[in-house]
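Quick note: numbers below take in every heavy atom, side chains included, and nothing from hydrogens, waters or symmetry partners.
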Amino acid sequence: MEVANRYITIKTHIDGEPKESDFELRTLALDISVDPGSNDIIVKNLYVSIDPYQLNRMKSFSSSQKAIGFAAAITPGETIDAYGVAKVVASGNPEFEKDDLVVGLITWGEYSVLKEGSMFRKLDPLGFPLSYQVGILGFSGLTAYGGFFEVCKPKKGEKVFVSAASGSVGNLVGQYAKLFGCYVVGCAGTKEKVALLKEKLGFDDAFNYKEESDLKSTLKKYFPDGIDIYFDNVGAEMLEAAVSNMNTFGRVAICGVISEYTDAGKRAAPDMLDVIYKRIKIQGFLAADQMKVYSDFLSTTTDHLRTGKLHAIEDISHGLESVPSAFIGLFRGHNTGKKFVKIADE
C-alpha cells in the first residue's frame, strides 16, 4: 500500500534567524509495506521534538556539524531527522510488531522509515503521557539531570543561576536543583515566565532579563554572596555577567548558546582572569555524554513525577504544518517549557 508522505524540509541553508519562507512542505509517495528479508520498520509519527540545535544543522557551515552524528548538516530538500515518538505501521524486524510504540530519531514528517542501526527503541510509557518521552523523560530531561549532577557536581546549599530558565532544559535544572537543596535563581524573557518559575516551579527568585540594562549588577543583586553554579543555555553577555559573579571553584555548564545561533557576531568574552584566579571550571557537554546516568535519571525523575515534586512544562503545537512556526518561535522566546509538535493522534 502506498501513501502520500508529507514532510517539512528547508529550501536553502539558513545563516541567520529562521523565517517561514525558509521552509516548505513536500510530499513523497511511500510504500508502507516491508519487502521480504528487510529489517526496516515503517512508523507513523505521533510527536516530534522541536530543538534549537537543529538551526546549526541548517547552516551552510557550523563547526558542530562535524562533531557528532546527530548534529550532521541538513541538505535542503531532504527529510529532517528529530527525536520523537511513533507507532509501527509495518515491520521487517522480528522485535517490533504493528502498533508497537517506538521512541528515537524519526522525522519532521507524517511517516518515517527506521533502518537497522539507527537510534530507536520500543517504548514503555511507564504510565505517563507519551509526550513526556519527547521532553522530561527524553533528552531534555537527561540533559538537565546529567548536566546538573554530573557536570556541575552540586553540593547542598550552593547558589545556582539558570539562564533561559523557562525553557525545556532550564526549567528542569532549576527544579532538580531545588529538590537537591540548592538556592536557585532563574532568568526568563516575560513577566509570565518569571511568575511560573517562582510560583509553580519553586525557584527562590527570578527576573526578566529584558528589563535589565546591566546584567553584572543584576546578578550581584540576586547573588550578593556570589554564584557557585551557572547552567548556561544562552551564551554571550549572560555568560560574561555570570562569570564575573562566580565564586572561587565555581562551575559553569555550557548546555546551549541560543543567543549566538542567529547572530554570528555575538560571542561570549568572559574575563579570563576571573576564570584563572577563581579557578572556575567551564565545561560544554551533550546529552549523549550523559547516557551513563540514564537509569538514575529515569528512576529519580519518574519518582519525583509520581509524587508531584517535579512538573512537566510542555508547549504543544498541532499538525505537521505547524513545525516551521514552532521552530522559529524558539528563537523569539515564544515557547514555555518543552516545545514539540503533535503530528497525529495516538
Crowding at NZ, Lys66 (>12 non-hydrogen neighbours, <6.0 Å): no
Would you say that more than 12 heavy atoms from the other residues, nucleotides or ligands in this model lie under 6.0 Å from the NZ of Lys216, or not? no
For residues 321-328, run the donor-acceptor check on the side chains, cut-off 3.5 Å, and write out each pair with its distance to 0.1 Å, sequence neighbours left out.
| from | atom 1 | to | atom 2 | distance (Å) |
| --- | --- | --- | --- | --- |
| Glu321 | OE2 | Arg6 | NH1 | 2.7 |
| Glu321 | OE2 | Arg6 | NH2 | 3.1 |
| Ser322 | OG | His318 | O | 3.2 |
| Ser322 | OG | Gly319 | O | 2.7 |
| Ser325 | OG | Ser322 | O | 3.0 |

Look at atom NZ of Lys122 and say whether more than 12 heavy atoms of other residues, nucleotides or ligands are closer to it than 6.0 Å. yes
ILVMFWY cluster, Leu55 and Leu330 together (side-chain gap under 4.5 Å): yes
So which heavy atom on Phe331 is nearest to which on Pro52, and how close? CZ-O, 3.6 Å
Less than 4.5 Å apart, side chain to side chain, heavy atoms only: is that true for Asn247 and Ile227? no
Among all residues two or more places apart in sequence or in another chain, which pass the side chain to side chain donor-acceptor pair (under 3.5 Å) test with Lys87? none
Note: Arg251-Glu158 ion pair, threshold 4.0 Å (strictly below): yes
Hey, mind stepping through Leu105 and Ser118 against side-chain contact (heavy atoms from CB on, under 4.5 Å) and telling me if it holds? CA-CA 7 Å; Leu105 281 182; Ser118 57; 5.9 Å; no
Test log, rule side-chain contact (heavy atoms from CB on, under 4.5 Å), inputs Gln175 and His304: CA-CA 10 Å; Gln175 292 186 75; His304 286 328; over 6 Å; no
Can you see whether Tyr230 engages Asp232 through a side-chain donor-acceptor pair at a distance of less than 3.5 angstrom? yes
Cluster overlap Leu114 with Val89, hydrophobic side-chain contacts below 4.5 Å: no
Could you tell me whether the side chain of Gln283 and the main chain of Gly147 form a donor-acceptor pair under 3.5 Å? no
Using 30° and 60° as the class boundaries, would you call the ring planes of Phe148 and Phe180 parallel, tilted or perpendicular? perpendicular
Salt bridge present between Lys155 and Asp228 (N-O < 4.0 angstrom): no
Any side-chain heavy-atom pair of Gln54 and Ile74 under 4.5 Å: yes
Report the distance from atom OG1 of Thr301 to atom NZ of Lys309, rounding to the nearest 0.5 Å. 13.0 Å
Same hydrophobic cluster for Leu46 and Val341, using side-chain heavy-atom links shorter than 4.5 Å among ILVMFWY? no
From CA spacing to verdict: ring pair (Phe, Tyr, Trp, His ring centres under 6.0 Å), Phe70, Tyr53: CA-CA 10 Å; Phe70 75 81; Tyr53 82 89; 5.5 Å; yes
Using the side chain to side chain contact (heavy atoms under 4.5 Å, CB included) definition, which of the options Thr79, Ile50, Thr9, Ile343 pairs with Trp108? Ile50
Applying salt bridge (charged side-chain N to carboxylate O under 4.0 Å, His left out) to Lys178 and Asp204, what does each step give before you reach the verdict? CA-CA 8 Å; Lys178 280 303 302 173; Asp204 293 287; 3.0 Å; yes
Salt-bridge test for Lys339 and Asp315: reply yes if a basic N is under 4.0 Å from a carboxylate O, no otherwise. yes
Full working for side-chain hydrogen bond (donor to acceptor under 3.5 Å, both in side chains) between Ser49 and Lys338: CA-CA 8 Å; Ser49 181; Lys338 175 61 191 174; 2.6 Å; yes
Among Ile41, Val85, Val43, which one satisfies side chain to side chain contact (heavy atoms under 4.5 Å, CB included) with Phe120? Ile41
For the aromatic rings, using the six-membered ring if either is Trp, is the centroid distance between Phe161 and Tyr222 under 6.0 Å? no
With rounding to the nearest 0.5 Å, note down the distance linking CD1 in Ile106 to CD1 in Ile80. 13.0 Å
What about Met246 and Val275, same hydrophobic cluster or not, with Ile/Leu/Val/Met/Phe/Trp/Tyr joined at side-chain heavy-atom distances under 4.5 Å? yes
Would you list the atom pairs, donor with acceptor, under 3.5 Å between side chains in residues 205-212 and any protein atom, with sequence neighbours excluded?
| from | atom 1 | to | atom 2 | distance (Å) |
| --- | --- | --- | --- | --- |
| Asn208 | OD1 | Lys210 | N | 2.9 |
| Glu212 | OE1 | Thr218 | OG1 | 2.9 |

Please determine whether a side-chain nitrogen of the Lys or Arg among Glu260 and Arg267 lies less than 4.0 Å from a carboxylate oxygen of the Asp or Glu. yes
Using a 6.0 Å cut-off, check whether atom CD of Glu2 has over 12 heavy atoms from anything other than its own residue. yes
Please answer whether the main-chain N or O of Lys19 pairs with a side-chain N or O of Asp22 as donor and acceptor at a distance below 3.5 Å. yes
If you measure only the distance, is there a donor-acceptor pair under 3.5 Å linking the side chains of Tyr261 and Ser62? no
Do Ile313 and Ile258 belong to the same hydrophobic cluster, where Ile, Leu, Val, Met, Phe, Trp and Tyr are linked whenever their side-chain heavy atoms lie under 4.5 Å apart, directly or via other members? no
Salt bridge between Asp345 and Lys342, side-chain N to carboxylate O under 4.0 Å? yes
With rounding to the nearest 0.5 angstrom, report the CG to OG distance, Leu215 to Ser244. 9.5 Å
State which residues pass salt bridge (Lys or Arg N to Asp or Glu O under 4.0 Å) with Asp214; sequence neighbours excluded, sorted by chain then number. none
Strictly below 4.0 Å, N to O, side chains only: are Glu24 and Arg26 in salt-bridge contact? yes
Among all residues two or more places apart in sequence or in another chain, which pass the ring-ring contact (aromatic ring centres under 6.0 Å, His included) test with Phe61? none
Report yes or no: do Asp15 and Ser60 form a side-chain donor-acceptor pair below 3.5 Å? yes
Rounded to the nearest 0.5 Å, what separation is found between the CG atom of Asp274 and the CD1 atom of Ile280? 5.5 Å
If I take atom CG from residue Asp100 and atom CZ from residue Arg121, how far apart are they, to the nearest 0.5 angstrom? 13.0 Å
Got a list of side-chain donor-acceptor pairs under 3.5 Å for residues 125-141, not counting sequence neighbours?
| from | atom 1 | to | atom 2 | distance (Å) |
| --- | --- | --- | --- | --- |
| Ser131 | OG | Glu314 | OE1 | 3.3 |
| Ser131 | OG | Glu314 | OE2 | 2.8 |

Cation-pi check, Arg279 to Phe249: give yes when NZ or CZ is under 6.0 Å from the six-membered ring centre and within 45° of the ring axis, no otherwise. yes
Given the rule in the side-chain hydrogen bond (donor to acceptor under 3.5 Å, both in side chains) test, do Ser112 and Asn45 qualify, once you have shown the distances and angles that lead to the verdict? CA-CA 7 Å; Ser112 303; Asn45 302 332; 2.9 Å; yes
Between Tyr176 and Tyr145, ring centroids under 6.0 Å: yes
Is it true that atom NZ of Lys115 has more than 12 heavy atoms of other residues, nucleotides or ligands lying nearer than 6.0 Å? no
